[in-house]
Amino acid sequence: QVQLVESGGGLVQAGGSLRLSCAASRRTFSSYTMGWFRQAPGKEREFVASINWSGGNTAYADSVKGRFTISRDNAKNTLYLQMSSLKPEDTAVYFCAADVSGNSWIVTTRKGEYDFWGQGTQVTVSS
């Protein structure tokens with residue numbers, strides 16, 4: 001079992017920045033691929049970014065590429081999402097997720113591949 005707790009969400013004006021954090025409960029955090037997803041009201045949960053165990057391989061949704069950066073600190077069991085140039089369409093609940101059973105060298109964009117999820121943190125971008 002892996003417990004994930006997100007933090008760092010809030011209200012920000014368009015063009016602003018936020019950094020989300022996701023604290024993991026297990027020391028084996030460094031052994032698996034991690035991802036960020038988001039879900040806006042009335043929409044499906046969608047992929048945002050993912051990172052392999054070492055941080056050497058990342059993937060991003062086209063909608064956030066160049067604006068968001070995913071990173072991890074394995075010594076602190078923590079995943080991050082630095083969000084810049086935020087837009088109103090980035091408004092959503094953001095979730096971190098752990099792909100415990102997959103290949104930790106690979107980054108995956110499919111939410112069905114992730115085994116554990118946090119409760120989410122709300123990000124609201126005003127225009």
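Computed from a predicted model, the values in this text were never measured in an experiment. Atom set for the values below is all heavy atoms of this structure, side chains included, hydrogens, waters and symmetry mates excluded.
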>> Before you tell me yes or no, could you show the steps for E44 and K111 under side chain to side chain contact (heavy atoms under 4.5 Å, CB included), namely the whole-Å CA-CA distance, both residues' side-chain angles and the distance that decides it to 0.1 Å?
In response: CA-CA 11 Å; E44 295 275 329; K111 57 181 180 285; 4.1 Å; yes
> What's the verdict on side chain to side chain contact (heavy atoms under 4.5 Å, CB included) for T108 and D99, showing C-alpha distance, side-chain angles and the deciding distance?
Replying inline: CA-CA 8 Å; T108 179; D99 177 10; 3.7 Å; yes
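Evaluation of the salt bridge (Lys or Arg N to Asp or Glu O under 4.0 Å) test over residues 1-20, restricted to residues two or more places apart or in two chains, returns none. Sorted by first then second residue, the side chain to side chain donor-acceptor pair (under 3.5 Å) pairs that include residues 68-81, not counting sequence neighbours, are R72-N74.
When every heavy atom of F68 is checked against every heavy atom of V48, the shortest pair comes out as CD2-CG1, 3.8 Å. Nearest heavy atoms, F29 versus A24: CD1-CB, 3.4 Å. Shortest non-hydrogen contact noted between I70 and I51 is CD1-CG2, 3.7 Å. Across all non-hydrogen atoms, the minimal contact from A59 to V107 is CB-CG2, 3.8 Å. Closest of all the heavy-atom pairs between L20 and G9 is CD2-N, 3.6 Å. Between G35 and Y114, the shortest heavy-atom contact is N-CE2, 3.6 Å.
Hydrophobic clustering keeps V2 apart from W117 (ILVMFWY residues linked when any side-chain heavy atoms are closer than 4.5 Å, directly or through intermediates).
The closest side-chain heavy-atom distance from T33 to W53 is not below 4.5 Å. The closest side-chain heavy-atom distance from Q122 to Y94 is not below 4.5 Å. Side-chain contact between W36 and C96 is present, with at least one heavy-atom pair separated by less than 4.5 Å. Taking the side chain as every heavy atom from C-beta outward, M34 and F116 never approach each other to under 4.5 Å.
Formation of a donor-acceptor pair under 3.5 Å by the N52 side chain with backbone atoms of N57 is found in this model. A donor-acceptor contact shorter than 3.5 Å is absent between the side chain of S104 and the backbone of Y32. Y60 places no side-chain N or O within donor-acceptor distance of the main-chain N or O of R67, the cut-off being under 3.5 Å.
With sequence neighbours excluded, the residues that form a side chain to side chain contact (heavy atoms under 4.5 Å, CB included) with V125 are V12, A14, L86, P88, D90, T91, V123. Every residue meeting the side chain to side chain contact (heavy atoms under 4.5 Å, CB included) condition with L11, not counting sequence neighbours, appears here in chain and number order: T124, S126. Annotation: ring-ring contact (aromatic ring centres under 6.0 Å, His included) contacts of F47 (sequence neighbours excluded): F37. Applying the side-chain hydrogen bond (donor to acceptor under 3.5 Å, both in side chains) test to N103 and every residue at least two apart in sequence or in another chain returns nothing. For S63, the side chain to side chain contact (heavy atoms under 4.5 Å, CB included) partners are R38, A61, not counting sequence neighbours. Taking E113 as the reference, R110 meet the side-chain hydrogen bond (donor to acceptor under 3.5 Å, both in side chains) condition, with sequence neighbours excluded. Partners of S84 according to the side chain to side chain contact (heavy atoms under 4.5 Å, CB included) rule, which considers only residues two or more places apart in sequence or in another chain, are S17, Q82. Listed by chain and number, the residues in a side-chain hydrogen bond (donor to acceptor under 3.5 Å, both in side chains) with S101 are D115 (sequence neighbours excluded). Looking at residues two or more places apart in sequence or on another chain, you find no side-chain hydrogen bond (donor to acceptor under 3.5 Å, both in side chains) involving K43.
With rounding to the nearest 0.5 angstrom, the OG atom of S127 is 9.5 Å from the CD atom of Q13.
Counting heavy-atom neighbours within 6.0 Å of E89 CD, excluding the residue itself, gives a total above 12.
Residues near I106 contribute nothing to a hydrophobic cluster around it, because no ILVMFWY side-chain heavy atom sits closer than 4.5 Å to its side chain.
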